[in-house]
There are 2 protein chains.
Amino acid sequence: MKPTETPPDTVQRILEVASRLVQTRGFNGFSYAHIAAELGVTKASLHYHFPSKADLGRRLIEQYERSFVEALAHIEAETAGALERLRRYMRIYSGVLGNEQMCLCGMLAAEHGTLPAPMRRTLQHYFDVNEAWLAKVLEQGRDNGDLRFDGSPGDVAALLLSSLEGAMMLARSYGDPKRFKSATERLLAEFGVPSAAAARPRARKAARR
Amino acid sequence: MKPTETPPDTVQRILEVASRLVQTRGFNGFSYAHIAAELGVTKASLHYHFPSKADLGRRLIEQYERSFVEALAHIEAETAGALERLRRYMRIYSGVLGNEQMCLCGMLAAEHGTLPAPMRRTLQHYFDVNEAWLAKVLEQGRDNGDLRFDGSPGDVAALLLSSLEGAMMLARSYGDPKRFKSATERLLAEFGVPSAAAARPRARKAARR
DNA sequence: GTCTATAGGTGGATAGAC
DNA sequence: GTCTATCCACCTATAGAC
């Protein structure tokens, strides 16, 4: 039995609203006043749960990373092929963009120059975890023949992650999610699979010139 | 002879400092006070040249786009091959990143949700111009055999631009320009040239598995 | 064109009552 | 835990002297 936990969990509600605000307006574009207004509480009570904004920011990243790690575990449990896993990975970002939001950490990466040091370190960790997961999937896929690419899995993972973040940013700026979809499909086709994406390896190359 | 122009040009000096501030701290991360302090003038005199911050922001984008258009013209004048033009294009961004700065417009794209409407429109135009130039180079390169890629030049241009912006953002966040270099080389190799990059078309593909 | 001075607002953060 | 009240730093912007 739970002893005396707050049932709807104030902390969680604050984090949810704050996360959405950062993902739409950026860390320097939202304030305690915004959160307070949306939740119908005062700024002071927010400071009770999150003493400083740097504190709030750090915990936002930590929660975001946790939810990502969970999602990645689900992907590994529910899919077998490397290509399908990459697809699912990209679909996570698709979902974020569908809500007209930017990836929390992509947004913070842009604001890196003004972030408190603790947030920078936590942010780094998020990217490291993502890149490591992608590299693992890429390597396994290459080794069992699902995927084909040149160079190290780590380098490809880094480019993949960068491209996804950039594509989200531009697609959101254009207000056109199709831009993101187009980018992900091409990335999968180029890096992932000269075999599976087109069901006929050379057919599409013939479309050149 | 020049009649009575302000020699070091106050407006230009303001724009230069402001641009650097936006590219390192973001539009919501700098203030008139920052510029004033660096130039040794007062905030009030800045407002004389740029009445509102939205005004300043819009003119920053316009100037950034102009300098880009000039650079693109130089590239077209000095190089012939599509691949070399793409390389030169990427080198522009490399130079920006080398100063530990983000692309002005990539930064603003992240902050899109909080930008004044006039800035949003001007920003869009910058991306349109870049994408159009890239698409033109890609199409010409494909038609004369310099480049090979599937799909429309426009789609590839969009991915290329997105990937570059994303790669800049992440590389700057990691404080590691090599991450950007690695990304651009791979992009050139994948999209640009199964022939020129490796001087031996199939050799690198053979490195799979 | 640049200054001083200031308006009017919002930022993050704290003290202390309830 | 949440409130009222308040602090002080900073923000964008303007008025008016020089």
Side-chain angles (χ1 to χ4, degrees), chain A residues 2-22 24-61 107-108 111 113-120, chain B residues 2-22 24-61 107-108 111 113-120:
Chain A
K2 327 175 183 178
T4 341
E5 291 180 22
T6 2
D9 202 344
T10 309
V11 167
Q12 199 51 37
R13 280 166 58 223
I14 295 171
L15 286 173
E16 277 163 22
V17 171
S19 186
R20 210 195 57 244
L21 284 170
V22 174
T24 50
R25 305 179 49 92
F27 191 71
N28 294 325
F30 90 103
S31 71
Y32 274 47
H34 287 122
I35 310 175
E38 257 191 71
L39 291 180
V41 297
T42 62
K43 291 189 291 172
S45 89
L46 298 180
H47 278 284
Y48 170 80
H49 299 286
F50 303 94
S52 75
K53 202 183 178 186
D55 220 74
L56 172 56
R58 191 178 42 75
R59 291 181 56 184
L60 281 174
I61 303 171
M107 182 67 93
L108 294 175
E111 296 177 291
T114 60
L115 295 185
M119 283 185 67
R120 293 192 188 188
Chain B
K2 328 178 183 177
T4 341
E5 291 181 20
T6 1
D9 200 346
T10 311
V11 166
Q12 200 50 39
R13 280 166 58 222
I14 296 170
L15 286 173
E16 277 163 22
V17 172
S19 185
R20 209 195 59 244
L21 284 169
V22 173
T24 49
R25 306 179 48 90
F27 191 72
N28 294 325
F30 89 105
S31 72
Y32 275 46
H34 287 122
I35 309 175
E38 256 189 71
L39 291 179
V41 297
T42 62
K43 292 185 288 171
S45 88
L46 299 180
H47 278 284
Y48 170 79
H49 298 286
F50 303 93
S52 76
K53 202 183 178 186
D55 221 72
L56 172 57
R58 192 177 43 76
R59 291 181 57 182
L60 281 174
I61 303 171
M107 183 67 93
L108 294 176
E111 295 177 291
T114 60
L115 296 184
M119 285 185 66
R120 292 192 187 187

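To find a chain, count down the sequence lines: A is the first, B the second, and so on, and within it residues start at 1.
- Note: B:Met119 CE to B:Thr114 OG1 = 8.5 Å, rounded to the nearest 0.5 Å.
- Contacts between residues 24-32 of chain B and DNA chain D, defined by a heavy-atom separation under 4.0 Å, are made by B:Phe30, B:Ser31, B:Tyr32.
- In this structure, B:His49 reaches the C:dT2 phosphate: one of its side-chain N or O atoms is under 4.0 Å from OP1 or OP2.
- Between the CG atom of B:Asp55 and the P atom of D:dA13 there is a distance of 9 Å, given to the nearest Å.
- B:Glu38 places no side-chain N or O within 3.5 Å of a backbone atom of B:Val17 that could act as its donor or acceptor partner.
- The separation between A:Leu46 atom CG and C:dT14 atom C1' is 14 Å, rounded to whole Å.
- When the side-chain contact (heavy atoms from CB on, under 4.5 Å) test is applied to A:Ala54, the partners found at least two apart in sequence or on another chain are A:Ser52, A:Pro116.
- OP1 or OP2 of D:dC3 lies within a sub-4.0 Å distance of a side-chain N or O belonging to A:Ser45.
- By the side-chain hydrogen bond (donor to acceptor under 3.5 Å, both in side chains) test, B:Ser31 is found to be paired with B:His34, residues two or more places apart in sequence or in another chain being considered.
- Formation of a donor-acceptor pair under 3.5 Å by the B:Glu111 side chain with backbone atoms of B:Gly26 is not found in this model.
- Of the listed nucleotides (D:dC3, D:dA13, C:dT4), C:dT4 has the atom at the smallest distance from the side chain of B:Ala44.
- Between the CG atom of A:Leu21 and the CG atom of A:Leu56 there is a distance of 10.0 Å, given to the nearest 0.5 Å.
- Atom CG of A:Leu46 is separated from atom CG of A:Leu39 by 7.0 Å, given to the nearest 0.5 angstrom.
- With rounding to whole Å, B:Tyr48 atom OH is found 17 Å from D:dA17 atom P.
- Considering only side-chain N and O atoms, A:Thr42 lies nowhere under 4.0 angstrom from the phosphate OP1 or OP2 of D:dG1.
- Here D:dC11 presents its P atom at 6 Å from NE2 of B:His34, a figure rounded to the nearest Å.
- For A:His47 and C:dA15, the shortest distance from a side-chain N or O to OP1 or OP2 is not below 4.0 Å.
- A:Phe50 has its CZ atom 11 Å from the P atom of D:dT2, to the nearest Å.
- Nearer to the 5' terminus of DNA chain C, by closest-nucleotide assignment, is the contact made by B:Ile14 (compared with the other of B:Lys43 and B:Ile14).
- The CZ-C1' distance, from A:Arg13 to D:dG1, rounds to 13 Å in whole Å.
- Dashed line: the shortest gap from a side-chain N or O of B:Thr10 to OP1 or OP2 of C:dT2 is under 4.0 Å.
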